[in-house]
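Shown next, in structure tokens, is the structure this report addresses.
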Amino acid sequence: MTTTVRNRMRPSTASQRLRNLSRPQLPTSAIAGRSLLYAILIVLAMIYIAPFLVQVATSFKTDVEAATNPISLLPQTWSTSAYERLFLNSDFPIWFQNSAIVTVFVTLGRVFFNSLAGYALARLHFRGRNVIFALLIAVMSVPGVVLLIPKFLVINQLGIYDTYVAMIVPLLTDAAGVFIMKNFFESIPASVEEQARIDGAGNFRVFWSIVLPMARPALVTIIILSFQGSWNELSHFIVATQSPELTTLTKGVASLASGQLSQGTQYPLKLAAAAIMTIPVAVMFFIFQKRIMNTTDGAVKE
Amino acid sequence: MPARTPRRSGIRGGEAASGWLFTAPMIILLGMFLVIPVLMALWVSFSDWNGRGSPFSGSVAFVGLDNYSALVGGGGLAEQDFGTALRNNAWYVLLVVPIQTTLSLFLAVLVNRQILRGRGFFRTAFYFPSVTSSVAITVLWLFLFSASGAVNKLLSFIGVNGPNWFNDPSGVLHNIFEALGVETGPAVLTGNSFLGISFWEWLAGPSVAMSAFILMAVFTTSGTFMLLFIAALQNLSGDVVEAAVMDGANGWQRFWQVTLPQLRPTLFTVLTLGLIGAWQVFDQIYTGTQGGPGKTTLTPAYLSYQAAFTNQAWGQGAAIAFILFVIIVVFTLFQRWLLAERAVSARRMRWYLQTPTSGGSK
């Protein structure tokens with residue numbers, strides 16, 4: 001049904017397509033097929049979006065209304081008490097601040113260290129490079145969850161347990177990010193650097209002022225991945241810290257979910273907290289939306 | 001990998017020093033917080049360290065494979081918990097991986113249509129759950145699937161009395177058997193056991209609580225994998241499809257016999273990433289259920305954490321982590337093996353490509 005339409009459209013150019021679309025006498029079966037496609041898509045999209053709408057709506061309800069009417073998208077009585085409680089009467093601002101601090105440092109660190117190492121592995125010739133690269137691949141295959149106990153052991157042994165250092169430093173580079181940068185540097189022509197080298201620039205200078213500015217697309221990928229990764233990270237902070245002053249959003253909201261700070265269910269409070277912690281990654285997502293949707297595209301092609 | 005540029009001399013001074021200097025931060029960080037920790041944990045998994053003092057102090061004894069054997073043949077609570085965790089996670093993997101792969105491929109095919117209006121909107125809608133943190137999504141899920149939550153409210157509209165999701169430890173398959181009149185399993189299944197739980201218990205299926213987590217995993221990961229499939233679909237050559245159209249293949253045939261074989265590499269990637277991810281369920285359990293109800297959402301990853309950090313059985317916790325590591329590595333190797341098979345299928349694909357096009361467009 002829909003396929004008959006698609007067959008005809010497939011080889012057409014944009015203008016042809018427009019003409020086809022405006023042509024009034026589409027067969028009824030094609031119209032029915034197209035309507036079915038849109039119906040399926042709209043229902044699916046509703047299923048994907050509705051939970052978040054319900055979340056935001058519920059965060060403005062009273063506890064009672066959240067329980068009696070869990071599905072309405074408009075609260076009968078608007079209440080901002082969940083947000084007041086979060087910002088004025090809880091550690092939530094501290095959690096937010098800690099998450100922000102960690103995310104900023106980790107993202108900056110990864111942008112710098114990943115591109116530095118990626119550049120060396122892609123462009124500099126030195127003995128041991130292949131060994132380092134092989135080890136990098138091996139390290140990439142270690143699943144993160146397996147590292148919970150090991151990470152705690154080394155953090156404890158180094159005497160940095162329960163500090164910002166323990167929260168930030170282990171995350172400052174990641175094997176996958178180095179891999180992405182290496183692949184990117186291999187894809188850009190070496191001739192530009194050659195010119196700078198002939199002009200007498202050193203390796204770091206070539207990297208810093210010639211290569212890095214050219215690497216913007218890949219750096220944006222690193223920024224997106226590390227921002228999202230460190231903002232949403234939970235397990236590392238569980239094993240690296242224990243004091244309330246160092247609690248991040250993920251850890252704090254997880255403790256909210258399991259019932260600290262609350263009597264009763266307090267869904268508006270929990271959902272408000274979860275909604276606020278989603279905002280930064282959502283903003284990030286909408287800023288780089290085009291890039292994200294095309295990133296995987298590019299990554300596969302490279 | 002692109003061809004390496006030929007070695008030049010003269011203008012490339014001090015490359016060895018720079019090379020090591022540039023990679024030094026990465027080597028130190030990954031070595032310090034990845035390689036060394038794994039080695040330390042390996043030692044701990046062979047020791048009786050209880051979390052106090054250094055694991056390398058003289059008071060910590062080497063106990064050989066004790067921690068491992070307690071898990072896979074001890075006959076005690078440790079073995080039973082480990083068996084339960086493996087069972088729970090195995091059902092989770094068995095359901096999450098095929099469902100999320102099928103759904104993401106389905107979504108990708110739907111939104112990849114060239115004449116579709118609002119493609120950007122639909123893609124965004126399907127991808128958005130993927131950017132949110134597992135903690136935030138779990139909190140939302142706990143609300144949606146609570147006894148008086150939105151899901152049960154929706155079910156009540158169609159006359160279904162929804163379960164008390166996150167508090168219901170009953171196995172889904174057991175419930176189906178029960179509905180068919182089978183209350184207890186045959187003695188062969190109930191009488192014999194593996195890893196401390198009976199075969200009948202292995203066949204319980206995911207608990208109702210775990211099913212809610214399964215739905216959540218599908219909800220949050222299908223968008224990511226959809227993007228991978230869209231990228232692959234866009235790289236397909238239109239010629240083959242056109243040729244198939246000329247040969248009179250209908251849409252369904254074209255999907256199964258032309259599009260899907262060409263998507264094989266991506267399909268493998270998605271399946272492997274899915275498998276690796278699905279064996280690492282931790283955040284959701286930590287945030288949501290802590291293994292309950294009735295230990296039916298216990299997973300090896302969470303059990304490992306709990307053993308070490310709550311029960312101070314560090315050796316056992318580390319041992320669980322390494323067994324999980326082995327499970328994941330086995331799955332990765334299995335995927336490698338399947339990828340090696342691709343050499344054959346690539347040849348077959350070329351045959352596919354040649355046969356229909358021979359008299360066709362080119």
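Only this structure's heavy atoms are used, side chains among them; waters, hydrogens and symmetry mates stay out. First the proteins, then the strands, lettered A, B, ... as listed; each starts at 1.
In this structure, chain B has a heavy atom under 4.5 Å from the side chain of V178(A), while its backbone stays farther away. Interface residue F106(B): only side-chain heavy atoms are found under 4.5 Å from chain A. Interface residue F325(B): backbone and side-chain heavy atoms are both found under 4.5 Å from chain A. There is no contact between S72(A) and chain B, counting heavy-atom distances below 4.5 Å. Heavy atoms closer than 4.5 Å to chain B are found in both the backbone and the side chain of L271(A). For a residue to count as touching a neighbouring chain, one of its non-hydrogen atoms must lie under 4.5 Å from one of that chain's; by this rule L39(B) does not touch chain A. L142(B) touches chain A through backbone and side chain together, each having a heavy atom under 4.5 Å away. Looking at L103(B), only its side chain comes within 4.5 Å of chain A, counting heavy atoms on both sides.
When the candidates V239(A), D174(A), V54(A) are compared by the number of heavy-atom contacts under 4.5 Å with chain B, V239(A) comes out ahead. The candidate from F56(B), Y127(B), Y302(B) with the greatest count of non-hydrogen atom pairs under 4.5 Å with chain A is Y127(B). Options L21(B), L324(B), L34(B) differ in how many heavy-atom pairs under 4.5 Å they form with chain A, and the most are formed by L34(B). Among R127(A), Q228(A), K151(A), the residue making the largest number of heavy-atom pairs under 4.5 Å with chain B is Q228(A). For the set Y119(A), F286(A), F152(A), the entry with the most heavy-atom pairs within less than 4.5 Å of chain B is F152(A). Comparing A24(B), A301(B), P129(B) by how many heavy-atom pairs each has under 4.5 Å with chain A, the most go to P129(B). Contact count versus chain A (heavy atoms, under 4.5 Å) is highest, among L110(B), I328(B), I320(B), I276(B), for L110(B). For the set V169(A), L136(A), I238(A), L158(A), the entry with the most heavy-atom pairs within less than 4.5 Å of chain B is I238(A). When L30(B), V38(B), L140(B) are compared by the number of non-hydrogen pairs under 4.5 Å with chain A, L140(B) comes out ahead. When each of G317(B), G288(B), A125(B) is checked for heavy-atom pairs under 4.5 Å with chain A, A125(B) comes out on top.
A donor-acceptor pair shorter than 3.5 Å can be found between the side chains of S130(B) and T224(B).
Environment of CE in M284(A): crowded, with over 12 heavy atoms of neighbouring residues, nucleotides or ligands closer than 6.0 Å. Heavy-atom neighbours of M46(A) CE from other residues, nucleotides or ligands within 6.0 Å: at or below the threshold of 12.
Distance check: F33(B) CZ to I155(A) CD1 gives 6.0 Å after rounding to the nearest 0.5 Å.
Ring planes of F112(A) and F207(A): perpendicular class, angle over 60° (limits at 30 and 60°). Note: F133(A) and F179(A) have parallel aromatic rings, judged against thresholds of 30 and 60 degrees for the angle between ring planes. Using cut-offs of 30° and 60° for the angle between ring planes, the W231(A) and F227(A) rings count as parallel.
In this structure, F166(B) has its ring center no closer than 6.0 Å to that of W141(B). Ring-centre distance between F52(A) and F128(B): below the 6.0 Å cut-off.
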